[in-house]
Asker: 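One structure follows; several queries about it will come next.
As the structure is a prediction and not an experimental result, all values here were calculated from the model.
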Amino acid sequence: MTHVLAVDDDPSVRDLIATYLGDYDMRVTAVPDEQGMSKVLAREAVDLVLLDLRLKGEDGMDIARRLRAESKLPIIILTGRQDDADRVMGLELGADDYLTKPFSPRVLLARIRALLRRTRMHETLADTVANIRAYRFAGWDLNLRLRRLSAPDGRAVPLRNGEFNLLIAFLSAPQRVLAREQLLDLSRLHNAEVYDRSVDVQVGRLRRKMEENPRAPTLIVTERGAGYVFKAAVDVVRD
């Protein structure tokens with residue numbers, strides 16, 4: 001059973017979360033402050049944390065920062081509708097998603113399920129590439145240890161973090177059609193409001209860096225209505 005830890009100083013919000021998620025076979029521990037959160041984390045296994053950034057007498061940002069520094073637990077932050085700065089700061093501190101108050105319990109459940117799915121897929125991919133040193137394809141070489149992409153002519157091609165993660169997602173499943181949602185799950189792009197555009201933008205950047213003619217790609221090819229497919233054969237170099 002999925003165990004969700006909800007940290008919110010509003011008892012009505014805690015009751016709403018606990019009751020609704022409980023109806024969907026999730027175990028919920030709801031606490032009002034960081035002290036309660038710390039006690040639960042010290043004694044129990046938790047799968048995901050819901051954290052209100054506006055706790056009475058406490059700085060939710062500091063709590064989020066410490067929580068991320070001490071664990072890799074998935075975090076969804078709860079913010080006021082107008083707190084754009086809080087949402088941005090929360091994500092920069094390492095939160096995985098956010099939800100604005102007041103929120104629909106149905107949307108909360110969907111966000112939790114999506115985040116847990118992404119987290120598990122990421123862990124599966126991490127296990128898959130744990131002993132992989134490099135991927136080689138069409139004369140290219142992606143060194144995972146050095147995070148370096150080398151072109152067929154030997155020049156280094158710099159990659160942003162999102163581009164690197166997306167390329168690994170492609171290389172881990174070559175010659176298979178991958179939907180945008182699958183690519184997002186595998187590469188951990190988490191901004192729910194720009195899901196499709198995030199993938200398209202990253203693919204466009206990779207094409208400009210890797211394709212001889214980005215307008216007529218031969219490596220990352222669009223499958224209309226379905227997603228993308230990495231066409232080249234891929235060799236795996238293991239330790």
Side-chain angles (χ1 to χ4, degrees), residues 1-8 17-18 20-22 24-31 37-38 40-53 60-61 63-79 87-100 103-132 144 147 160-173 176 178-196 198-199 202 227:
M1 182 179 290
T2 298
H3 185 190
V4 174
L5 173 57
V7 187
D8 196 298
I17 293 172
Y20 190 83
L21 296 184
Y24 287 88
D25 296 324
M26 290 188 180
R27 177 189 173 198
V28 179
T29 302
V31 298
M37 180 188 77
S38 298
V40 174
L41 292 175
R43 68 173 186 262
E44 299 187 50
V46 171
D47 297 296
L48 181 144
V49 175
L50 297 173
L51 175 62
D52 181 10
L53 291 184
M61 293 295 183
I63 296 174
R65 184 183 294 108
R66 288 193 292 271
L67 183 59
R68 176 51 68 235
E70 296 171 358
S71 78
K72 295 182 179 180
L73 279 173
I75 303 171
I76 297 178
I77 57 175
L78 305 177
T79 74
R87 292 198 291 270
V88 172
M89 181 63 73
L91 293 173
E92 289 180 346
L93 290 175
D96 300 278
D97 203 350
Y98 67 85
L99 201 60
T100 55
F103 54 81
S104 160
R106 184 176 179 181
V107 172
L108 172 64
L109 177 63
R111 292 290 186 90
I112 290 174
R113 285 175 169 172
L115 178 52
L116 290 174
R117 184 178 68 248
R118 293 199 301 272
T119 300
R120 287 160 186 162
M121 289 187 71
H122 176 72
E123 291 171 350
T124 299
L125 180 60
D127 291 340
T128 300
V129 303
N131 296 317
I132 295 177
L144 302 190
R147 298 178 67 87
R160 299 182 181 182
N161 189 56
E163 297 163 3
F164 178 81
N165 291 337
L166 186 60
L167 182 54
I168 289 178
F170 277 123
L171 297 177
S172 67
R176 285 174 46 193
L178 297 173
R180 288 178 175 86
E181 183 180 357
Q182 290 176 289
L183 290 167
L184 285 160
D185 286 342
L186 290 170
S187 59
R188 296 277 294 183
L189 302 173
H190 57 246
N191 189 335
E193 294 182 354
V194 290
Y195 267 172
D196 287 351
S198 292
V199 168
Q202 299 289 354

Asker: Working to the nearest 0.5 angstrom, can you tell me the gap between R113 CZ and L21 CG?
Answerer: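 Here the rounded value is 9.5 Å.
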
Asker: Report the C-alpha separation of L108 and L50 in whole Å, then their side-chain angles, then the decisive distance to 0.1 Å, and conclude whether the side chain to side chain contact (heavy atoms under 4.5 Å, CB included) test is met.
Answerer: CA-CA 10 Å; L108 172 64; L50 297 173; 3.8 Å; yes

Asker: Side chains of F164 and L144, heavy atoms from C-beta outward: is any pair under 4.5 Å?
Answerer: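 Sidechains of L144 and F164: in contact.
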
Asker: Given side chain to side chain contact (heavy atoms under 4.5 Å, CB included), test V49 with L67 step by step and report yes or no.
Answerer: CA-CA 9 Å; V49 175; L67 183 59; 3.9 Å; yes

Asker: So does D52 get a backbone contact from the side chain of D8, meaning a donor-acceptor N/O pair under 3.5 Å?
Answerer: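 Checked: no pair found.
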
Asker: The test is side chain to side chain contact (heavy atoms under 4.5 Å, CB included); show your working for V4 and T2 and say whether it passes.
Answerer: CA-CA 6 Å; V4 174; T2 298; 4.1 Å; yes

Asker: Keeping S71 on the side-chain end and R68 on the backbone end, is there a donor-acceptor pair under 3.5 Å?
Answerer: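 Looks like no, no N/O pair under 3.5 Å.
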
Asker: Report the distance from atom CZ of F103 to atom CG of L78, rounding to the nearest 0.5 Å.
Answerer: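 These two atoms lie 5.5 Å from each other.
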
Asker: Which atom pair, heavy atoms only, marks the closest approach of L115 to P74?
Answerer: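 Reported closest heavy-atom pair: CD2-CB, 3.7 Å.
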
Asker: Quick check: do R66 and I63 have side-chain heavy atoms less than 4.5 Å from each other?
Answerer: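 R66 reaches I63 side chain to side chain.
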
Asker: Please give me the minimum heavy-atom distance between D47 and M1, naming the atom from each residue.
Answerer: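 Shortest heavy-atom contact: OD2-O, 3.9 Å.
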
Asker: Could you report the tightest heavy-atom contact between A169 and L183, atom names first, then the distance?
Answerer: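 Result for this residue pair: CB-CD2, 4.2 Å.
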
Asker: Applying the side chain to side chain contact (heavy atoms under 4.5 Å, CB included) criterion to M61, which one of I77, L51, L53 satisfies it?
Answerer: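 The passing option is L53.
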
Asker: Report the residue from I76, L48, D96 that forms a side chain to side chain contact (heavy atoms under 4.5 Å, CB included) with R111.
Answerer: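 Going through I76, L48, D96 one by one, the side chain to side chain contact (heavy atoms under 4.5 Å, CB included) with R111 is satisfied by I76 alone.
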
Asker: Test your reading of the model: is there a side-chain donor-acceptor pair from E163 to the backbone of R160, 3.5 Å cut-off?
Answerer: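 At least one qualifying donor-acceptor pair exists.
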
Asker: In chain order, what residues pass the salt bridge (charged side-chain N to carboxylate O under 4.0 Å, His left out) check against R147, with sequence neighbours excluded?
Answerer: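 Salt bridge (charged side-chain N to carboxylate O under 4.0 Å, His left out) check on R147 returns nothing, list empty.
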
Asker: Is the shortest side-chain heavy-atom distance between I112 and M26 below 4.5 Å?
Answerer: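 Result yes, sub-4.5 Å side-chain heavy-atom pair found.
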
Asker: Roughly how far, to the nearest 0.5 Å, is CD of Q202 from CZ of F170?
Answerer: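 F170 CZ to Q202 CD: 10.5 Å, rounded to 0.5 Å.
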
Asker: Measuring only between side-chain heavy atoms, which start at C-beta, is E70 closer than 4.5 Å to R65?
Answerer: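 They are not in side-chain contact.
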
Asker: Look at the side chain of H3 and the backbone N and O of A45, then say whether any donor-acceptor pair between them is shorter than 3.5 Å.
Answerer: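 Pair found, side chain donor or acceptor close to backbone of A45.
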
